[in-house]
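Reviewing the structure listed below.
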There are 2 protein chains.
Amino acid sequence: MAYKRSPLMEERLAANRQRILQAARQLVAAGGLREAQISAVAAEAGLSTGAIYRYFPSKAELFVDVLNEAVRQEIEILDVILAGPGSAAEHLAQCVESFVSRALRGPNLAYAFIAEPAEPEVDAARIRCRMMFGDVFKRVLQDGIERGEFPPQNVDASAACIVGAYTEALVGPIAPATRSVRSQDRLIESVRDFCLRAVGATAVPPAKPPARPRRRARTA
Amino acid sequence: MAYKRSPLMEERLAANRQRILQAARQLVAAGGLREAQISAVAAEAGLSTGAIYRYFPSKAELFVDVLNEAVRQEIEILDVILAGPGSAAEHLAQCVESFVSRALRGPNLAYAFIAEPAEPEVDAARIRCRMMFGDVFKRVLQDGIERGEFPPQNVDASAACIVGAYTEALVGPIAPATRSVRSQDRLIESVRDFCLRAVGATAVPPAKPPARPRRRARTA
DNA sequence: TCAAAAAGTGAATCGTGCTTCACAAAACTT
DNA sequence: AAGTTTTGTGAAGCACGATTCACTTTTTGA
């Protein structure tokens, strides 16, 4: 009588769930939330629309999950940077560079998740995520102020400004594929320098710490 | 045979058009584009939904007009500041303060117009408007660099960052009515200082130019 | 192998909100 | 004042896309 899912089945279901999340994420990255209808997600994931509702109770909750997962990964990367060696200014520079360069590769994903509103539920999650990013920068700022690297300042405001600054710099001139890698690099540097000056960093750190090439090896 | 509208009629029509624009603007300010349905606009303006379409061909065009008008006013204010006396740093400070303090009073209007996407048509207009704001700041930056007040920098990037910084600082901590005037003022100052440091302003200008109180006389 | 349960399907349903339209009222012309 | 045109009405039409549901297929337990 009582039922039990075989491990194989269990696995397949989990895989389906992942495929749905992945498909949703991909569609958002390609064309924003606007393009990510349930039917499209289903097609992309190789399932029927109805099946989606076996895994997620509503579109809103699906996208909240997508958002949370994406942001979790992003925050993790930033945390690794903070835990690493270097001055507060270097940490800040690395965080901004890292975030911006990744966002430039999937512009709509970053845009949708940071800026594009949707159902109130997703919106609420979006705001929480923005705050999470803000918190990371707040920690860098507090650290830098304690170390005497940065002058005292309203860390809440500065953190929000930093998030806003690089966000706008990304989505403003967003003619994505058109810009060359070279000019993207220049943009990243400009934004980084803006943020460093903004927090009152006394000495701008070296452009790129050449040691330990973290992940993405750009410009071959 | 040929028809001519009496001046009185002409006037009434123009007034209606204005009332529609005003109603739309008000609704956006109150609850974002989400709340501003055609039927609501019509009700607010004291007309029927059908009548709206005698004045505007579509919802999208109506809101493009609303957006353009709002931004035109805003830019005008910034232009007056730029034309006035003072250093580039003072101009920048005044622009940021002016924009931010006005935005804090109608947070959703600022939000909707700077950040909230809608139909592609409105979206396009929104991006144009952002660029217009960016251009104002670009001019301040170029001026400041020429005068030797600011170090050389990527003015496009910096201008975008400034717009982004104060936008985020405004819409991020959007618990609008709750914050006291006092804390709002502190926020404005923090954001202003952030932007001044960010562009590398050598000397932070006096907190508030006491002479010639421009418009808004806050804190009585 | 068969019956019960779960998973999957995709067309129909439903809600929302823009847009149209058949008609009414008002404004102009003669 | 009668006829013509413009303006106004608001309910109906329509498009879009999330959600549901009657049904099929697959999996599981005996």
Side-chain angles (χ1 to χ4, degrees), chain A residues 1-21 23-24 27-28 31-66 112 116-123, chain B residues 1-20 23-24 27-28 30-66 112 116-123:
Chain A
M1 217 45 340
Y3 245 73
K4 223 190 104 213
R5 285 197 287 246
S6 74
L8 211 77
M9 191 61 188
E10 199 94 42
E11 211 172 282
R12 207 166 60 78
L13 290 182
N16 277 353
R17 194 189 152 89
Q18 272 317 110
R19 276 228 308 292
I20 294 171
L21 285 169
L27 284 171
V28 171
L33 280 174
R34 179 184 300 282
E35 312 279 318
Q37 302 105 336
I38 289 289
S39 59
V41 172
E44 183 74 26
L47 289 167
S48 64
T49 59
I52 303 290
Y53 287 86
R54 293 221 173 249
Y55 295 86
F56 300 91
S58 71
K59 184 188 175 169
E61 293 220 23
L62 163 59
F63 282 99
V64 168
D65 277 13
V66 173
E116 185 176 358
E119 297 86 79
E121 251 168 312
V122 179
D123 234 35
Chain B
M1 204 99 262
Y3 246 74
K4 221 191 105 213
R5 284 197 286 247
S6 73
L8 212 77
M9 190 60 187
E10 199 94 42
E11 212 172 280
R12 206 167 59 78
L13 290 182
N16 277 353
R17 195 190 151 87
Q18 272 316 110
R19 277 228 307 292
I20 293 171
L27 284 171
V28 171
L33 281 174
R34 179 184 299 282
E35 312 279 317
Q37 303 104 336
I38 290 287
S39 59
V41 172
E44 183 75 24
L47 289 167
S48 64
T49 57
I52 303 291
Y53 287 84
R54 294 224 172 249
Y55 295 87
F56 300 91
S58 72
K59 185 188 176 171
E61 294 219 22
L62 164 59
F63 281 98
V64 168
D65 277 14
V66 172
E116 184 175 358
E119 298 85 80
E121 252 169 310
V122 179
D123 234 37

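First the proteins, then the strands, lettered A, B, ... as listed; each starts at 1.
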### Task
Within residues 6-18 of chain B, find the residues that approach DNA chain C with a heavy atom at under 4.0 Å, and present them sorted by residue number.
Ser6(B), Met9(B)
### Message
Using the rule given for side-chain contact (heavy atoms from CB on, under 4.5 Å), can you reason through Val28(A) versus Val66(A), listing the C-alpha separation, both sets of side-chain angles and the distance that settles it, and then say yes or no?
### Response
CA-CA 10 Å; Val28(A) 171; Val66(A) 173; 5.6 Å; no
Restricting both atoms to N or O, compile the protein contacts to nucleotides 17-19 of chain C shorter than 3.5 Å, with distance only.
from: dC18(C); atom 1: OP1; to: Lys59(B); atom 2: NZ; distance (Å): 2.6
from: dC18(C); atom 1: OP2; to: Ile38(B); atom 2: N; distance (Å): 3.0
from: dT19(C); atom 1: OP2; to: Tyr53(B); atom 2: OH; distance (Å): 2.6
from: dT19(C); atom 1: OP2; to: Lys59(B); atom 2: N; distance (Å): 2.8
from: dT19(C); atom 1: O5'; to: Tyr53(B); atom 2: OH; distance (Å): 3.3

### Query
Rounding to a whole Å, what distance do you find between Lys4(B):NZ and dT30(C):C1'?
16 Å
### Task
Figure out the CD/C1' separation between Glu35(A) and dC16(D), and round it to whole Å.
13 Å
### Minimal non-hydrogen separation, Leu27(B) against Ala36(B), with atom names
CB-CB, 4.0 Å
### Query
So which heavy atom on Ala23(A) is nearest to which on Glu44(A), and how close?
CB-CG, 3.4 Å
#### Entry: Inter-end axis angle, the helix from dT1(C)-dA30(D) to dT30(C)-dA1(D), with every axis fitted to five base pairs (rounded, 10 degrees)
0°
### Query
Does the side chain of Tyr55(A) get closer than 4.0 angstrom to OP1 or OP2 of dG8(C) through an N or O atom?
yes
### Query
Side-chain N or O of Ser48(B) less than 4.0 angstrom from OP1 or OP2 on dG10(D)?
no
### Task
Sort and list the pairs that fulfil salt bridge (charged side-chain N to carboxylate O under 4.0 Å, His left out) and have at least one residue in residues 5-15 of chain B, not counting sequence neighbours.
Arg5(B)-Glu10(B)
Would you list the atom pairs, donor with acceptor, under 3.5 Å between side chains in residues 47-61 of chain B and any protein atom, with sequence neighbours excluded?
from: Ser48(B); atom 1: OG; to: Ala51(B); atom 2: N; distance (Å): 3.4
from: Tyr55(B); atom 1: OH; to: Asn16(B); atom 2: ND2; distance (Å): 3.0
from: Ser58(B); atom 1: OG; to: Ala60(B); atom 2: N; distance (Å): 3.4
from: Ser58(B); atom 1: OG; to: Glu61(B); atom 2: N; distance (Å): 3.2

### Query
Are any of the side-chain heavy atoms of Arg17(B) and Asp65(B) separated by less than 4.5 Å?
yes
For nucleotides 23-25 of chain C, give me every protein contact, N/O to N/O, under 3.5 Å, one pair per line with atom names.
none

